[in-house]
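Notes follow once the structure below has been shown.
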Amino acid sequence: MAFETLLLEITDGIARLTVNRPDKLNALNATVIRELGEAAGALDADRSVRGVILTGAGSKAFVAGADITELASQDPMAGKARSLAGQAAFRRFETMSKPVVAAVNGFALGGGCELAMACHMRLASDNAKFGQPEVKLGLGPGYGGSVRLPRLVGRGRALELLLTGATIDAQEAYRIGLVNRVVPADQLLAEAERLVRTIAENAPLAVQIVLEAVDACGGADADPAVFVCGPTSFVEAVVSLLGDAGLDPRTVRAERFG
Ligand code: COA
């Protein structure tokens with residue numbers, strides 16, 4: 001498969017999928033999101049692939065979030081569509097029938113942290129940084145972070161990260177359970193490959209059953225539905241929805257709220 005924004009190498013049954021926009025710190029534009037979903041589907045269907053490593057190009061970033069230039073020009077409905085597309089693409093990694101390991105090689109911010117969390121396991125290089133800074137941009141996490149982060153680190157710690165927008169380093173991410181372990185940057189990919197190959201030594205059906213069972217433990221809410229309104233405001237989204245329904249927002253406000 002050829003992609004515009006991803007690199008894919010498959011060696012002895014292990015796929016390495018790299019988000020390849022290093023000049024933009026691998027930010028997730030619409031093309032990356034679409035291609036990630038396509039790649040996840042193809043790798044899941046390819047029975048010769050026994051595991052997947054997901055990483056970012058360059059030494060600085062895994063993924064530095066949603067592409068801010070695209071966010072800046074979207075209206076609320078486009079924001080909703082962007083969120084739903086990202087949620088669907090990320091869910092394809094989370095529900096893959098073979099192990100997916102995120103090799104987090106630098107910034108994993110916003111959508112980048114969310115993408116790492118949608119993978120089954122996360123290894124971090126010692127220079128990795130994590131955070132959900134959306135709140136600082138007037139947004140909420142659009143790709144499932146508000147669901148997956150509490151599951152991984154607990155509600156209180158998740159809320160602190162989500163509400164402050166703080167960035168944490170790899171050791172802190174390890175301490176709170178966001179990543180499985182921290183390894184020197186120059187050993188990250190080798191460690192990720194070792195982990196995937198160890199799992200691949202086990203029976204594929206057993207691996208698949210365990211992945212399905214653990215996903216089912218996420219409950220009916222396993223498929224995160226989080227609504228991002230765009231960079232302006234939630235009010236704007238509500239006004240737009242009222243407009244779509246043929247209602248005048250000022251009249252509705254006067255009638256319902258005085
Ligand atoms: N979307 C689009 N472009 C991005 C981006 C993003 N999320 N993150 C980084 N870039 C681009 C920068 O615009 C810059 O492009 P340019 O060289 O054409 O101007 C390039 O990537 C390098 O980024 P830069 O900011 O110069 O690197 P830095 O080392 O000074 O800072 C970060 C690194 C990650 C701290 C900083 O880029 C940043 O804060 N990015 C936004 C993170 C974010 O808020 N993500 C969540 C979005 S919801």
Side-chain angles (χ1 to χ4, degrees), residues 4-7 18-36 54-90 102-119 122 124-149 152-153 158-173 178-179 185 188 224-234 236-237:
E4 188 186 322
T5 62
L6 306 177
L7 301 173
T18 305
V19 181
N20 188 31
R21 297 183 74 207
D23 54 324
K24 297 294 175 193
L25 303 189
N26 305 318
L28 301 169
N29 63 14
T31 307
V32 180
I33 292 286
R34 177 176 50 75
E35 292 190 338
L36 280 172
L54 181 60
T55 193
S59 58
K60 204 167 165 184
F62 174 70
V63 166
D67 191 307
I68 289 173
T69 49
E70 284 190 359
L71 290 187
S73 59
Q74 75 187 8
D75 65 20
M77 289 302 106
K80 182 179 181 185
R82 175 187 304 278
S83 289
L84 294 175
Q87 288 167 26
F90 288 17
V104 182
N105 55 313
F107 289 109
L109 300 176
C113 190
E114 292 174 294
L115 179 59
M117 290 192 288
C119 296
R122 283 149 295 285
S125 65
D126 46 15
N127 67 331
K129 297 227 179 333
F130 297 80
Q132 298 288 163
E134 289 90 342
V135 71
K136 294 183 173 181
L137 303 172
L139 299 169
Y143 300 142
S146 55
V147 174
R148 294 192 179 103
L149 190 58
L152 282 168
V153 307
L159 279 170
E160 185 173 340
L161 286 171
L162 292 165
L163 295 175
T164 63
T167 300
I168 58 172
D169 64 19
Q171 285 301 338
E172 177 66 358
L178 180 52
V179 301
L188 179 67
V226 187
F227 179 51
V228 162
C229 303
T232 34
S233 72
F234 179 71
E236 190 178 319

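Remember, it's a predicted structure, so these values are computed and weren't measured experimentally. When a ligand or atom number is given, it counts from 1 through the structure's own listing order.
Annotation for ligand 1: atoms under 4.0 Å from non-hydrogen atoms of Asp67 are 1 (N), 2 (C). Counting atoms of ligand 1 from 1 in the listed order, those under 4.0 Å from a heavy atom of Leu109 are 34 (C), 42 (C). Taking a cut-off of under 4.0 Å to the non-hydrogen atoms of Leu137, the atoms of ligand 1 that pass are 47 (C), 48 (S). Taking every heavy atom of Asp23 and a limit of under 4.0 angstrom, the matching atoms of ligand 1 come to 15 (O), 20 (C), 21 (O).
Using a distance-only test at 3.5 Å, with no hydrogens or angles considered, a donor-acceptor pair links the side chain of Glu114 to the main chain of Gly145. With hydrogens and angles disregarded, no donor-acceptor distance shorter than 3.5 Å links the side chain of Gln132 to the backbone of Leu162. Remark: the backbone N or O of Phe62 is paired with a side-chain donor or acceptor of Asn26 at under 3.5 angstrom. Side-chain atoms of Arg122 never come within 3.5 Å of backbone atoms of Val104 as a donor-acceptor pair (strictly under, hydrogens ignored). Asn105 places a side-chain N or O within 3.5 Å of a backbone atom of Gly56 that can act as its donor or acceptor partner.
Glu35 and Thr5 share a side-chain donor-acceptor pair at under 3.5 Å. In the model, Ser125 has a side-chain atom that pairs as donor or acceptor with a side-chain atom of Asn127 under 3.5 Å.
The protein non-hydrogen atom at the shortest distance from atom 31 (O) of ligand 1 is Leu25 CD1, 4.6 Å. Nearest protein heavy-atom contact of atom 46 (C) of ligand 1 is Pro133 CG, 3.8 Å. Shortest contact from atom 11 (C) of ligand 1 to any protein heavy atom: Lys24 CA, 3.9 Å.
Residue contact check for ligand 1: Lys60 places a non-hydrogen atom closer than 4.0 Å to it.
Between the choices Gly110, Cys113, Ala72, Ala66, the shortest heavy-atom distance to atom 47 (C) of ligand 1 belongs to Ala66.
For atom 41 (C) of ligand 1, a protein heavy-atom neighbour is present inside the 4.0 Å cut-off. When distances from atom 13 (O) of ligand 1 to the protein are checked, no heavy atom turns up under 4.0 Å. The nearest protein heavy atom to atom 25 (O) of ligand 1 is not closer than 4.0 Å. Using a 4.0 Å threshold on non-hydrogen atoms, atom 28 (P) of ligand 1 counts as touching the protein. Using a 4.0 Å threshold on non-hydrogen atoms, atom 33 (C) of ligand 1 counts as touching the protein.
Qualifying salt bridge (charged side-chain N to carboxylate O under 4.0 Å, His left out) partners for Arg82, counting only residues two or more places apart in sequence or in other chains: Glu70. For Phe90, the ring-ring contact (aromatic ring centres under 6.0 Å, His included) test picks out Tyr143, with sequence neighbours left out.
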Start with the C-alpha distance between Val19 and Leu36, add both sets of side-chain angles, then the distance that settles side chain to side chain contact (heavy atoms under 4.5 Å, CB included), and finish with yes or no. CA-CA 8 Å; Val19 181; Leu36 280 172; 4.3 Å; yes

Would Leu6 and Thr18 count as a side chain to side chain contact (heavy atoms under 4.5 Å, CB included) here? Give the steps. CA-CA 5 Å; Leu6 306 177; Thr18 305; over 6 Å; no

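Residue-to-ligand polar distances keep Thr69 apart from ligand 1: every N/O pair is separated by 3.5 Å or more. Any N or O atom pair closer than 3.5 Å counts here, and Ala64 shares at least one such pair with ligand 1. When only interatomic distances are considered, the shortest N/O to N/O separation between Glu134 and ligand 1 does not fall below 3.5 Å. In terms of polar-atom proximity, Ile68 is counted as a contact of ligand 1, with an N or O under 3.5 Å from an N or O of the ligand.
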